[in-house]
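The residues of the chain are indexed from 1 along the displayed sequence.
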Amino acid sequence: ATIRPWPWGRFRGRYAITGGYEGKQIVDFVNRKDLNNRVAKRSMVVLKKDALDLPPERDIDIHVTLTPAERKAYEEMKEDLAAELADGSLLEAPNVLAKIMKLRQITAGFVKDTATGETHRFGRSKEKAVKEVVTTQLIGENRLVVFAYFKSECAALAEALSKGPEAKGVTVEVITGATKAKDRLAIRKRFLDVSGNPERMILVAQARTMSISVNELITAQHAIYASMSERRDDWVQSRGRLHRQGQKGSRVTYWNVFVPDSIDQIMLDKHKDRGDLEKALLDHIRGTTQ
């Protein structure tokens with residue numbers, strides 16, 4: 001049977017709700033089950049492992065011990081959250097979400113003042129652990145990727161990796177959401193072009209910024225996660241930037257640098273086992289005050 005393409009107007013009328021400016025903006029979608037059924041009849045799903053000849057993957061966990069000052073700040077924020085949730089408050093409450101974000105910042109060694117926007121750095125435990133992996137375990141690797149969640153964290157990591165005698169002859173590049181599109185593309189091309197840029201290159205990047213439609217990271221066989229997004233899809237997609245067609249290494253390794261018994265470990269564990277992150281966070285927070 002001949003399949004006739006639908007005009008855009010007919011498609012929009014069946015599956016979209018319009019509104020906004022002049023009533024022409026799509027504000028929501030309807031009849032999704034019908035659309036999914038139509039697509040499913042003409043689709044075939046093939047898993048990456050079945051379609052591509054890719055090297056094996058492995059994870060190596062690096063535990064970080066916080067300094068007394070860092071641990072004290074973390075526990076105080078955690079106890080404050082536990083007290084706030086004691087009355088049954090939902091995790092969606094804006095103040096609770098903000099404090100959870102601060103727990104993530106504390107394990108990264110800083111706290112951002114929400115009133116002034118100023119970043120206060122008070123620890124470098126995780127930063128030192130990342131540098132130890134880069135300069136000791138992976139010293140012979142020509143291309144490395146370091147993923148982090150916060151822009152200020154990326155800046156601090158890049159600065160640390162650019163210092164010291166082991167940084168001689170090493171190029172450290174940074175890509176965050178603030179990096180202009182043309183600059184991102186130029187950095188990615190330099191990272192891919194090993195023959196044209198033979199020096200050791202370390203790319204420090206926000207995982208969410210680099211998680212989709214990026215193919216140039218296949219020149220690296222190792223990625224270090226200093227911190228990660230709460231969205232599992234960002235984690236999966238960022239790993240897929242290395243583990244994809246064109247990867248020539250015999251193995252792809254992900255180094256998970258995290259603080260045990262912290263929000264870091266909760267997120268990593270739930271990403272690995274596809275578990276309920278929200279419930280795990282609540283259990284972690286409420287377990288402080290008994």
Side-chain angles (χ1 to χ4, degrees), residues 48-49 51-60 108 126-127 130-131 133-135 137-163 166-257 271:
K48 183 173 75 171
K49 65 182 181 65
L52 299 175
D53 183 17
L54 294 175
E57 300 172 280
R58 68 172 174 175
D59 284 78
I60 296 179
K126 189 180 286 186
E127 178 185 299
V130 170
K131 186 167 184 176
V133 173
V134 170
T135 59
Q137 286 96 327
L138 301 178
I139 189 62
E141 295 296 320
N142 182 257
R143 291 289 192 270
L144 290 176
V145 182
V146 179
F147 286 121
Y149 183 79
F150 303 99
K151 292 177 184 177
S152 55
E153 182 185 14
C154 288
L157 287 167
E159 181 181 5
L161 295 172
S162 300
K163 292 181 177 179
E166 64 278 356
K168 185 177 180 180
V170 177
T171 298
V172 180
E173 303 274 17
V174 181
I175 293 180
T176 69
T179 308
K180 294 180 180 179
K182 65 176 183 179
D183 295 332
R184 293 186 200 181
L185 184 58
I187 292 170
R188 286 161 46 186
K189 286 183 176 180
R190 288 197 294 271
F191 196 85
L192 178 64
D193 185 11
V194 177
S195 60
N197 300 275
E199 74 279 9
R200 190 182 198 213
M201 188 175 293
I202 302 171
L203 174 59
V204 182
Q206 284 184 295
R208 184 172 295 183
T209 305
M210 297 287 286
S211 63
I212 299 177
S213 300
V214 175
N215 303 312
E216 294 85 0
L217 304 191
I218 55 172
T219 52
Q221 284 79 55
H222 297 265
I224 303 167
Y225 283 84
S227 59
M228 61 185 64
S229 168
E230 72 284 357
R231 300 192 318 191
R232 185 177 186 275
D233 191 55
D234 292 336
W235 179 72
V236 172
Q237 289 292 335
S238 60
R239 290 160 66 99
R241 297 313 94 198
L242 280 71
H243 194 245
R244 62 187 299 104
Q245 191 168 9
Q247 175 58 253
K248 303 299 184 183
S250 59
R251 187 196 302 267
V252 175
T253 303
Y254 312 106
W255 301 73
N256 305 303
V257 180
H271 286 348

Subject >> For A156, side-chain contact (heavy atoms from CB on, under 4.5 Å) partners two or more places apart >> reply: R121, E127

Subject >> Non-hydrogen atoms of A148 and C154 that approach each other most closely >> reply: CB-SG, 3.9 Å

Subject >> Side chain proximity check, V134 to R200, heavy atoms < 4.5 angstrom >> reply: yes

Subject >> Stepwise side-chain contact (heavy atoms from CB on, under 4.5 Å) test for I202 and V170 >> reply: CA-CA 7 Å; I202 302 171; V170 177; 3.8 Å; yes

Subject >> V145 vs M210 side-chain heavy atoms within contact, under 4.5 Å >> reply: no

Original post:
When you look at I218 and K248, which way does the side-chain contact (heavy atoms from CB on, under 4.5 Å) test go after all the steps?
Top reply: CA-CA 8 Å; I218 55 172; K248 303 299 184 183; over 6 Å; no

Original post:
Considering all heavy atoms of both residues, which atom of S227 and which atom of K126 are nearest to each other, and what is their separation?
Top reply: CB-NZ, 4.4 Å

Subject >> Spacing of OG1 belonging to T179 relative to CZ belonging to R184, to within rounding of 0.5 Å >> reply: 6.0 Å

Original post:
Could you walk me through whether F147 and M228 pass the side-chain contact (heavy atoms from CB on, under 4.5 Å) check?
Top reply: CA-CA 7 Å; F147 286 121; M228 61 185 64; over 6 Å; no

Subject >> Pair D234-Y149, side-chain contact (heavy atoms from CB on, under 4.5 Å): steps then yes or no >> reply: CA-CA 10 Å; D234 292 336; Y149 183 79; 5.9 Å; no

Original post:
When rounded to the nearest 0.5 angstrom, what distance separates CG in L144 from CD1 in I224?
Top reply: 5.5 Å

Original post:
Under the 3.5 angstrom rule, does the side chain of H222 hit a backbone N or O of R143 as a donor-acceptor pair?
Top reply: no

Original post:
Quick one: does N197's side chain have a donor or acceptor within less than 3.5 Å of a partner on D193's backbone?
Top reply: yes

**OP:** Calculate, to the nearest 0.5 Å, the distance between atoms OG1 and CZ belonging to T219 and F191 respectively.
**Re:** 4.5 Å

**OP:** Write out all pairs satisfying salt bridge (Lys or Arg N to Asp or Glu O under 4.0 Å) with one or both partners inside residues 148-163, taking only residues at least two apart or from two chains.
**Re:** E159-K163

Original post:
Considering all heavy atoms of both residues, which atom of V252 and which atom of H243 are nearest to each other, and what is their separation?
Top reply: CG2-CD2, 4.0 Å

Subject >> Point-to-point distance, once rounded to the nearest 0.5 Å, from CD1 of I187 to CD of E173 >> reply: 4.5 Å

Subject >> Separation between CZ of R232 and CD of Q237, rounded to the nearest 0.5 Å >> reply: 10.5 Å

Subject >> Any pair counted as salt bridge (Lys or Arg N to Asp or Glu O under 4.0 Å), so long as it reaches residues 212-223, sequence neighbours left out >> reply: R188-E216

**OP:** For a side chain to side chain contact (heavy atoms under 4.5 Å, CB included) with T253, tell me which candidate from E57, Q221, R58 qualifies.
**Re:** R58

Original post:
Any salt bridge between R208 and E230, counting N to O under 4.0 Å?
Top reply: yes

Original post:
Quick one: OH on Y254 to CZ on R239, what's the gap to the nearest 0.5 Å?
Top reply: 5.0 Å

Subject >> Smallest separation among heavy atoms of G177 and T209, with atom names >> reply: N-OG1, 3.4 Å

Original post:
Under 6.0 Å from the CD atom of E166, do we count more than 12 heavy atoms belonging to anything else shown?
Top reply: yes

Original post:
Can you name the nearest heavy-atom pair linking Q247 to A220, along with the distance?
Top reply: NE2-O, 3.0 Å

**OP:** Return the minimal non-hydrogen interatomic distance between L157 and A226, and the atom names on each side.
**Re:** CD1-CB, 3.8 Å

